[in-house]
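Please see the structure below; I have some questions.
Please read these numbers as outputs of a predicted model, since none were measured by experiment.
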Amino acid sequence: MRDRLPLSTTLGSTLVDGALRAPARAPSAVRPDASVDELAVAATGGDVEAVGRLYDALVDPIYRYVAMRLRRREDAEDVTQLVFERIVAALPRYHHNGKPFAAWAFRIARNAVIDHQRRLRPTEPLGAIAEPSDGVLLEALSLRDEEIRELRAAIRGLTPDQQEALALRYGAGLSAEEAARVMGRQAGTIRGLTFRAIEALRRTLAREQRT
Amino acid sequence: MSLFRGTMRPPTILSDEAIERYLAAIRAELAPDPLFRRRLRGEVTSRFVAASEGIDVAPRSRSMGRVGRAVLYASFTLALSATSVLAASQQALPGDPLYALKRQVEDIRVQVLPAGLHDDLAAYALAERIDELGRLADRGDWGRVEALAVTVEHDFDAFVADSAGADSADKYLTVLRGLLDRLPEPAQEAVQAVIDQASGARGTPPEPGTRGGGTPASSSGGGNSGSAPEAGGPPDDDSKDGSATDEATATPKPKPTKAPRPEPTPKPANPNAGPDARSSNQGPDDDGDDQ
């Protein structure tokens, strides 16, 4: 039985005499159960498979975070793509110094979302962006329940920091400590933001049900 | 206005736990489209390989706005058949000026057509990448061949591993078979291994005339790609099956006749010549500042 080499590895080994010398790629040495940080270290060493697995680990939480912060699915996909472009571009400069790679990646995502929102409405504060009157809304595409739609509308009434905290904790599934690293705050601050956000949502929804 | 408002229909006081359940429901609904996820994975790995080879891939241009997108949606079918530029772009290769347009058209197809067709579209797109791989090999553009091969391999593995994608795998297995004799010897082995794995996993006999069908050298599994199904080795019988004709009709486009492979030429210093090079040349303006 012959082990199957990655096509890129095989092709790379044929190019050593060519003008563009392509280094042969060794099979990934990363363990199957490697953590995100271990994958990141391997990726900075040029391990393509580690990059793919890193992507697999991060794409869903990053997309969910971005989609929770933006309205339209196309925007969420565009920004998610931009985030990974930036991650790949910045990987060579990444040095693991004990801080989680995921927090580093989410900082890139957060900055990309902020950039996108500023481009969208440069004169309005974050969180005050009007609902688009046309186009495909995330809600229309995916959310079925009226309550959830109301909740999404209520989220847009929160302060930008509260929205950010909710998106990181409930969209991306980060812990308070991880979200704190992304936002550059203390974990207690994140807990407070989340608590007040949920409290505000509860009040808003209760008021809407009364009316 | 009723004085009894609020008593006739008492409000439901939502608990914090209820809010958290709703938030969890939102999270569950916000999953990325599988095809988007798969396509972006190929792009990420392709970009990484290109960057590690010193090829500066320009950031992909952002998608158009709502109005532009709507206009394009509405006129897409007509435009595709009537516009010579779009038609010409369908033959573009990575590095060509029209290649970005070609990829954009593929993206728009996915967005315009129903989700039920996405697997076929993705299969078509993958076949296009394989076709580009062969034509780049004919051209002797080995730098781009290698970068594109990463995308092809990952996409192929994902499709074969994916039950829905596996139904479409025959289409580009045919293309891969056609590509076999146009690649350097080691690359032929890799492509043959992909074909053997897919054929073995799907229980179909190997295509007659392909080098690896049932030969001891290729009847092996134990691959290291992880996502591809393990092959039990192709069956020993070399009998022809009737599926070849159907597969051939599903091939996106005929291959050019084999041309002698030119010697690799010195690569010009073209920093924007990655396999997925897009129109914009702007660099990433943000990399997450601190770590």
Pairwise side-chain contact, B/Glu132 with B/Pro94, heavy-atom cut-off 4.5 Å (strictly under): yes
Check: A/Tyr94 side chain, A/Ala43 main-chain N or O, donor-acceptor pair, under 3.5 Å: no
Whether B/Arg27 side chain and A/Gly171 backbone form a donor-acceptor pair below 3.5 Å: yes
A/Tyr55 portion near chain B, given a 4.5 angstrom heavy-atom threshold: side chain
Region of A/Ile155 in contact with chain B, defined by heavy-atom distances below 4.5 Å: side chain
Contact origin within A/Leu166 toward chain B - heavy atom pairs under 4.5 Å: side chain
Side-chain donor or acceptor of A/Asp75 paired with backbone N/O of A/Leu70 under 3.5 Å: no
Chain B contact via A/Ala105 - side chain, backbone, both or neither, heavy atoms under 4.5 Å: neither
